[in-house]
Amino acid sequence: MSVLARNNVIVKGQRAARAIVFAHGFGCDQNMWRFVAPAFESEFTTVLFDHVGAGRSDLSAYSREKYSTLQGYADDVIEIGHALNLKNAVFVGHSASAMIGAISSLKDPDMFESLVMVGPSPRYINDGDYIGGFTASQIEELLDFLDNNHLGWYAAMAPTIMGNPDKPELVEELTNSFCRTDPQIAKHFARTIFTADNRAELARVTARSLVLQCSDDAIAPDVVGEYVHQKLSNSTFVKMRASGHCPNLSAPAETIAAIRDFV
Amino acid sequence: MTSSDATVVQTDEENIEDLYEHAPCGYLSLSPDGLIVKVNHTFCQWTGFDASNILATRFGNLLHIGSRIYLETHLAPLLRLQGYANEVALDLILKNGDRLPVLINAAERRDEHNQPLTTRLMIFNATDRRRYERELVDARTAADTANKALQDLNATLESRIAEAVASRLKTEESLRQSQKMEAVGQLTGGIAHDFNNLLAGIIGSMELLLLNAKKGRLDAVPRYAEVALGAAKRAAILTHRLLAFSRHQKLEPKAVDVNQLIGSMEELIRRSIGPVISLEVVGAGALWHTLIDPNQLENALLNLCINARDAMPSGGRLTIETSNRWFDDFSAKERDVPPGQYVLVAVTDTGTGMPPEVIARAFDPFYTTKATGAGTGLGLSMVYGFARQSGGHVSIYSEMDRGTTMRIYLPRHRGEIETPELAARVIRAAETSRLETVLVVDDEPTVRMFVTEVLQQAGYHSLEASDGLTALKILGSNARIDMLITDIGLPGGLSGRQVADAARLERSDLKVLFITGYAENAAVGNGHLSAGMQMLAKPFTIDELSAKLSLLLE
């Protein structure tokens, strides 16, 4: 299976134009960008994709070993970039993908000229003076909750898969096509993200960057966004009016404007 | 419903208000930016908070940490993308710190510009359901695990069987190998022991011969030379037996009618097994011929019959049966012979039978269950060697206390048969003798010559046989025989002791003199000789022989 099929890569917009890649974070798939990406199709080549384990990606490509660090996800991004021959592109990453983009820019500095980080966090667990927003035990409770919430997860994320395991064609018709994730992979993705520490990589990023920080973000609080901005050598910090963790859904206009201003 | 409740419910509006506040579920309304703007009484009752504590806070603040992150990463995006979300499982944190598992249905209300106005949440107490689901999940996990284990088991079934078979074969092979080594050890040990005895006799005699010669006592020289010669000859007999076992014995195969051969031996066998054992010979009609050394088959049959006799000390029935057999590929492979046609000779007794461990070793050379001296341990191994060398097979079927069947399979031969040669001439000559007659059995012609000369000079008539079988044939005839002089170690599988015992069944007053090259007490019964039996150790003088003759025949 090709890289493009593996990651369900969808390319739209202006073929000869500069590329802008939108990457989703934990909990959803490329639908996360459905209110934002179309706004860039008139000027850019837009690239959307699903991380392996999410959306319509190839679940059989999943490897616990490869995806036990964000490096594995960044390797996929690089492979997609090579397949599409991306140069000096913009990488827009939400949540965990903000750091995946940062790591990708270290792996191939020519591929991404600019990084847009929406709700980034290099480390979620507090560490000495560093404030990540969560204690280690809180993260363990999160992972425990995900582990012990099979049916709630199935019901919310893939209800008809549970109801009709023998009739996948019915799933296509009846299930909402939003935010599909494989629960087992998602749980492992959560462990990878919430126990990661990519502060060292962050400090080495040289690409020009935009940090979009939401108000009242329960996942990535202000202090973390400020830390990211501080550590990046060439960054712009924008505090959004939008609240929550998903401005790309809750405040697409503000998000589009901020990105457009930056690129 | 209480009377006070009844007074509360008066108008439709009040009725709906009551339904909202006291419904068996929690209701929450959120502003577009996620703050709680309305909460019902049931929710407050469940959580223990006043409405004033709840209003204007974020719903996520009422959730356990895991649920809060799940809300932000999963429920919120889904709600925004889809407009609703059903049965999302979350954990509320109550005022007292406990957790309350709930299921949440959420729906967004939007204005005409598609802008979110409010989000309605309906919250069910899911304590029981979540526990039940937990049990279902556990059961399914257990079933999946069992199924996976079963699949793994099936997937590896073939290889595990192959592995088990290989391991079994390996074990059997190593067992066979160790048994082979044990047999080889037994064989070499037995050979070494026998040869040591013989060598001791030879060396000792030669030393005595040298000593006497040096002293000028030349009259003693022949005596010691004879002892040495006797021991050397026995060594030759031993190698002869070993060669028979190792299938290098020189066979003189002839086309043989086995029924006819058995018929010629029937009387001999009958005499050998004695009166308490009945003999039945069942020869198949149109029995095929086989190309074998008839003397060897006679030896083998006699061996089997004597073994059968020994297995029936208090009597029984001995059956000798012949038949034609056809081995297909499978049964031939089982017997390690080429497929095809075979003549079967089966010797069945109703005796004690053999346990499996004895059967397993019955063909091993020097293996014997008989008392020391009662058997050489070579009889069956020679039967086996003969059958194999003849292109056939021997098998044992035995049941404890029921009996044993020994089967000799010999390949079919399509040629003409020759009349078996018998010791008839000797027997005819002996029948007419009026003198006291002595049968001399020794495979060494010079010994027979010496003894018969002494006998003739003493006025006895003598007959000669070079092996046990010929001796038994003569003893089984009507010839007058008053005494048997026999060597202990004889070629052909029958010892002098066995010949004597067999002969005495018919000729109970037969005198017996054993002559032996060394103190072979053990071989004739640990020194316990029956009446009318004497032993004379080689070398012996004419006087010593004469003295024994007088002692026995007087």
Side-chain angles (χ1 to χ4, degrees), chain A residues 24-29 31-32 34-35 94-96 119 124 133-135 137-157 159 175-181 186 189-190 193-194 214-220 241-246 248-252, chain B residues 30-35 57-61 63-91 93 99 101-106 108 113-116 119 124 126 129-141 144:
Chain A
H24 70 86
F26 172 63
C28 201
D29 57 21
N31 277 300
M32 203 69 178
R34 71 196 328 254
F35 303 144
H94 174 231
S95 192
Y124 291 93
F134 300 92
T135 64
S137 65
Q138 284 178 317
I139 292 300
E140 278 311 312
E141 284 188 69
L142 160 70
L143 300 174
D144 190 53
F145 170 79
L146 297 179
D147 269 345
N148 289 298
N149 197 23
H150 298 259
L151 292 197
W153 193 304
Y154 277 108
M157 306 315 293
T175 320
N176 76 76
S177 56
F178 307 117
C179 296
R180 287 196 303 196
T181 62
F189 192 20
I193 293 166
F194 288 102
C214 290
S215 307
D216 292 320
D217 187 340
I219 308 292
R241 279 180 282 107
S243 63
H245 187 57
C246 305
N248 36 3
L249 290 178
S250 64
Chain B
L30 309 182
S31 69
D33 54 1
L35 299 176
T57 64
R58 295 190 167 278
F59 177 55
N61 293 344
L63 296 175
H64 181 259
I65 180 73
S67 298
R68 196 185 312 155
I69 293 172
Y70 192 75
L71 171 77
E72 294 294 338
T73 55
H74 289 74
L75 177 57
L78 195 61
L79 191 58
R80 197 51 62 97
L81 285 167
Q82 190 167 252
Y84 68 90
N86 289 331
E87 298 193 28
V88 177
L90 298 173
D91 289 347
I93 290 288
R99 282 198 217 182
V102 295
L103 287 173
I104 291 178
N105 284 357
E108 260 193 348
H113 305 296
N114 201 30
Q115 290 305 306
T119 302
F124 302 97
R129 177 166 165 186
R130 294 264 299 276
R131 188 192 301 130
Y132 173 58
E133 285 173 344
R134 181 75 242 153
E135 286 167 6
L136 271 183
V137 167
D138 287 347
R140 194 171 71 174
T141 306
D144 284 350

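Just the heavy atoms: all of them, side chains too, but no hydrogens, waters or symmetry mates, feed the values below. Below, chain A is the first sequence line, B the second, and so on; all start at residue 1.
Residues forming a salt bridge (charged side-chain N to carboxylate O under 4.0 Å, His left out) with B/Asp91 (at least two apart in sequence, or on another chain): B/Arg99, B/Arg130. Annotation: salt bridge (charged side-chain N to carboxylate O under 4.0 Å, His left out) contacts of B/Arg131 (sequence neighbours excluded): B/Asp128.
Taking both residues in full, the closest heavy atoms of B/Arg68 and A/Ala218 are given as CD-CB, 4.4 Å, listed atom of the first, atom of the second, then distance. Residues B/Arg80 and A/Leu249 come closest through the heavy atom pair CG-O, 3.5 Å. Across all their heavy atoms, B/Ser67 and A/Phe145 have their closest contact at OG-CE1, 3.2 Å. Across all non-hydrogen atoms, the minimal contact from A/Leu146 to B/Tyr70 is CD2-CD1, 3.7 Å.
Taken from CD in A/Glu140 to CD1 in B/Ile65, the straight-line distance is 12.5 Å, to the nearest 0.5 Å. Note that the CG atom of A/Leu142 and the OG1 atom of B/Thr73 stand 7.5 Å from one another [nearest 0.5 Å]. Distance NE2/A/His245 to CD1/B/Ile69: 9.5 Å, rounded to 0.5 Å.
Using a 4.5 Å heavy-atom threshold, the side chains of A/Ser215 and B/Asp33 count as separate.
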